[in-house]
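Worksheet: the structure to be examined is printed underneath.
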Amino acid sequence: MRIIKILAACAAAAALIAGTASCGSKTSDGEKTELSAAEKLQMKALEKEVENVNKQLPMEQGDGLKLTKMEVKDGYMISYATYPQDADLEIDDSPETRKAIVASAGASAIERLKALNLGLKYVYTEEGTDSTTTITISPEEM
């Protein structure tokens, strides 16, 4: 079985959302604050971008991967992808994979997300099954 790093779908998802995002700022003790007026505007812009991306989905990413949905939820930019049952793929949720995803997403997209305390989450589902694998990258990991 071939292990893939899922970079194609991950990079595409992050690149599609190159706009700004917000889930509030953190205080020095790590506690989340309310959204500022500027952050509220940034969140509305991000939500609009996600809406526009979702209108273009599903999007083939290669190796049988298909990006099917994106959303901002619970402090994460979440991308959903599927892959065929007969694909010779294994989703690799390792520290190396998470680092490679961040590197492939592009510095500007990652910096925007990080600065506004938004992480990345990728949910991969094997088509025709309930088998899912989630790769979660917190803002602190980016």
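Tyr83 is listed as a side-chain neighbour of Glu126, based on a closest heavy-atom distance under 4.5 Å. Contact check for Arg98 versus Thr136: no side-chain heavy atoms found under the 4.5 Å cut-off. By the 4.5 Å heavy-atom criterion applied to side chains, Met77 and Val50 are counted as neighbours. No side-chain heavy atom of Ser131 sits less than 4.5 Å from a side-chain heavy atom of Tyr124.
Of the inter-residue distances, the one linking Thr82 atom OG1 with Gln61 atom CD reads 10.5 Å to the nearest 0.5 angstrom. With rounding to the nearest 0.5 angstrom, the CD1 atom of Ile78 is 9.0 Å from the OG1 atom of Thr134. Separating the OG atom in Ser79 from the CD atom in Glu71 is a distance of 9.5 Å, to the nearest 0.5 Å. A distance of 9.5 Å separates CD1 of Ile101 from CD1 of Ile110, quoted to the nearest 0.5 Å. Interatomic distance, Leu118 CG to Tyr76 OH, rounded to the nearest 0.5 Å: 9.0 Å. Note that CD of Glu141 and NZ of Lys99 are 9.5 Å apart. Values are rounded to the nearest 0.5 Å.
When all heavy atoms of Gly119 and Met142 are compared, the pair lying nearest together is CA-CE, 3.9 Å. Of all heavy-atom pairs between Ile137 and Val102, the closest is CG2-CG2, 3.9 Å. Of all the heavy atoms in Leu57 and Leu67, the pair that sits closest is CD2-O, 3.6 Å.
Judged by distance alone, the side chain of Thr97 and the main-chain N or O of Asp92 form a donor-acceptor pair under 3.5 Å. Although no hydrogens or angles enter the test, the distance criterion places a donor-acceptor pair under 3.5 Å between the side chain of Thr68 and the main chain of Tyr80.
Here Glu60 pairs with Lys66 under the side-chain contact (heavy atoms from CB on, under 4.5 Å) rule; sequence neighbours left out. Residues satisfying the side-chain contact (heavy atoms from CB on, under 4.5 Å) test with Asn52, not counting sequence neighbours, are Lys48, Lys55.
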(request) Quick one: do Thr129 and Gln85 satisfy side chain to side chain contact (heavy atoms under 4.5 Å, CB included)? Show the steps, please. (result) CA-CA 8 Å; Thr129 73; Gln85 278 184 314; 2.8 Å; yes
